Number of protein chains: 2
Amino acid sequence: MDEHRAVDPQPPEPRAAVPKSVLARGLLLLDAFGPSDAELTLAELSARTGLAKPTAHRLLAQLVAWGGVERGTRGGYRLSLSLFVLGQRAPRQRSLREAALPYLEDLYEATHENVHLAVQDGTDTLFLDKVSGRRSTPIVSRVGSRLPAHCTATGKLFLALGPPEHLRRAVQAGLARLTPRTIITPGMLRADLARTLDRGYGLNREESEVGVTAVAAPIFDHRRRVIAAVSITGGSHRLDLERLAPAVRTAALSLSRELVRESTHGRLTLDEGDRNRSVGGAAYSESRPHFLGAS
Amino acid sequence: MDEHRAVDPQPPEPRAAVPKSVLARGLLLLDAFGPSDAELTLAELSARTGLAKPTAHRLLAQLVAWGGVERGTRGGYRLSLSLFVLGQRAPRQRSLREAALPYLEDLYEATHENVHLAVQDGTDTLFLDKVSGRRSTPIVSRVGSRLPAHCTATGKLFLALGPPEHLRRAVQAGLARLTPRTIITPGMLRADLARTLDRGYGLNREESEVGVTAVAAPIFDHRRRVIAAVSITGGSHRLDLERLAPAVRTAALSLSRELVRESTHGRLTLDEGDRNRSVGGAAYSESRPHFLGAS
DNA sequence: GCTCGGCATTCCGTCCAGTGGAACGTGTTC
DNA sequence: GAACACGTTCCACTGGACGGAATGCCGAGC
């Protein structure tokens, strides 16, 4: 049904204890929708969540009344447009996307390849936006989908420039092999991240998808912490990574500067919240100041 | 704080009866976040929803545990990235956006102006996607925001080509005046829609925002029902609407054809669900076949 | 420095909304 | 036409949810 399964594999819905609170149960139903599910039946939802059928039925009726879920053509349930609209109100993604779009467009226009805006989410790279066109190499990524950080150009930047804690967790989570070229040993990954720091941009040479390479550059906030990354992704034979690197870096640099400018005017909401509080506010990239210098 | 207020005014949160069910109350808290709210305090959320503070507090804790809401830097609550990701799973918007993006990019590249992908939502036009760049005229629209159908190029297409029922409801809802040029009398609107049908594309001449004009063309499904529209929007003095119309129409036409092709392969989810069931499956545009013909 | 006001948070006795096994109706399969 | 799977409704039991009241925490103002 959907050829993009590989990116966001169906969560194997564990037989975890069903939460007791009604609210949590209702939200469980929303989570039951995987990234590639168009429409789910009551029976499926009941099975995936572990809720009794009558319970699921009743809660779904409420979700439908709310508007976040709608009934599909063939009796099933599907996530609705209202939910999409609600998601667009998330302040962090919105300000980032709006500020970044012009730069993404410039990169797209220059290359006509896939251009991504990504943030870190746990040990993954999460794609906030994707620009591509007819001439772009078809790839698996989607807006809202994720890939393991260790095998993507953007993800490696987060691991190289972010708090060491993140790298530790990523290694501990296991370096999944997506292609024969994926770096799966902690030692080689560390070496690769060191090279990433030296060069000032991230690379992915067929490490997440066969035949696909990418260049990425980091975006910093006013404290010089990495908050996002932009990348160009395309077919290995078409993309000249070394030639594109300066363009990506320049775009990321200008974007960083614009974000800093805006944030001093108090119009931005980019803070990570409490999630990465473990970070002591230090600027992890300060040891490599050339990341912010001219290329 | 946010210069885009005008697009999506803060909903005046009525003193409506608080729903009884726990789930509905929790979801009410999500709805309490307006399009421009970055962070809300417990007190604000309690006031907006009408929930008692302890209740709101408890429910919010559950929303935070779920991941859809996060605690901001200054103690408040805000919608999180997970919610954005969840919203991206809505199948209709996803398939449309993915199919349309290349065409939107082409239009952007040709004009460097704002390019929209919109669908109808009640009596509004809802923007599913927006492509713009540094050179584009700054306008108020955002992804996920809406404007009244009667004063937008895309919205007029929905009113002109969709079931008469929609037009009736829009008129009945009152034709809000956004600028001096907004069409606010039903008679003039009907005349304008007739012209829209004749020409085959929608126009907006400073009717939603002073100094801003737009051209739009409709996208049809396999039954020739309008399901979406694309538009180019920019400064009145810069945009030559008559010259751009063929480009927009061509893009919309190719996109329509692609969608029909894909839907016969069963890879698409574009149906309106039950919302517009009142529509008897008829093809409202059939009386104007040239909409699907060459320009 | 102290008070006051507004906020978030916790407590706890009352009570009603939520639960899910069972039963039913319907449409599809063998 | 029996068997099955699915969505839907029913209803007596029960434990989760409610919210007024009390507490703790800050920052502003005198």
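Proteins come first, then strands; the chains are lettered A, B, ... in the order of their sequence lines, and each starts at number 1. These figures come from a predicted structure and were not determined experimentally.
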End axis versus end axis in the helix from C:dG1-D:dC30 to C:dC30-D:dG1, the angle rounded to 10°, five pairs used at each terminus: 40°
Modelled atom types, side-chain donor and acceptor of A:Arg168 and A:Gln172, under 3.5 Å: yes
d(CG, A:Leu40; C1', D:dA5) in whole Å: 17 Å
Which nucleotide in D:dG7, C:dT9, C:dC7 has an atom nearest any side-chain atom of B:Ala43: C:dC7
Heavy-atom protein contacts under 4.0 Å, nucleotides 9-26 of chain D, coded B base, S sugar-phosphate only, - none: B-------SBBBB-----
From B:Gln62 atom CD to A:Leu23 atom CG, the distance as rounded to the nearest 0.5 Å: 5.0 Å
A:Thr123 and A:His166 side chains, donor-acceptor separation under 3.5 Å: no
Spacing between A:Leu60 atom CG and C:dG18 atom C1', to the nearest angstrom: 15 Å
Nucleotide D:dA5, atom P - distance to CD of A:Glu44 in whole Å: 15 Å
Shortest non-hydrogen contact between B:Tyr77 and B:Arg71, atoms and distance: OH-NH1, 3.3 Å
Salt-bridge criterion met for A:Arg25 and A:Asp31 (N-O under 4.0 Å): no
Basic-acidic side-chain contact under 4.0 Å: B:Arg74, B:Glu39: no
Atom pair CH2 (A:Trp66) and OG (B:Ser21), whose distance is rounded to the nearest 0.5 Å: 12.0 Å
Gap between atoms OH and P, on A:Tyr77 and D:dC6 respectively (whole Å): 14 Å
Nearest-0.5 Å distance that lies between atom CG in A:Leu81 and atom CG in B:Asp121: 6.5 Å
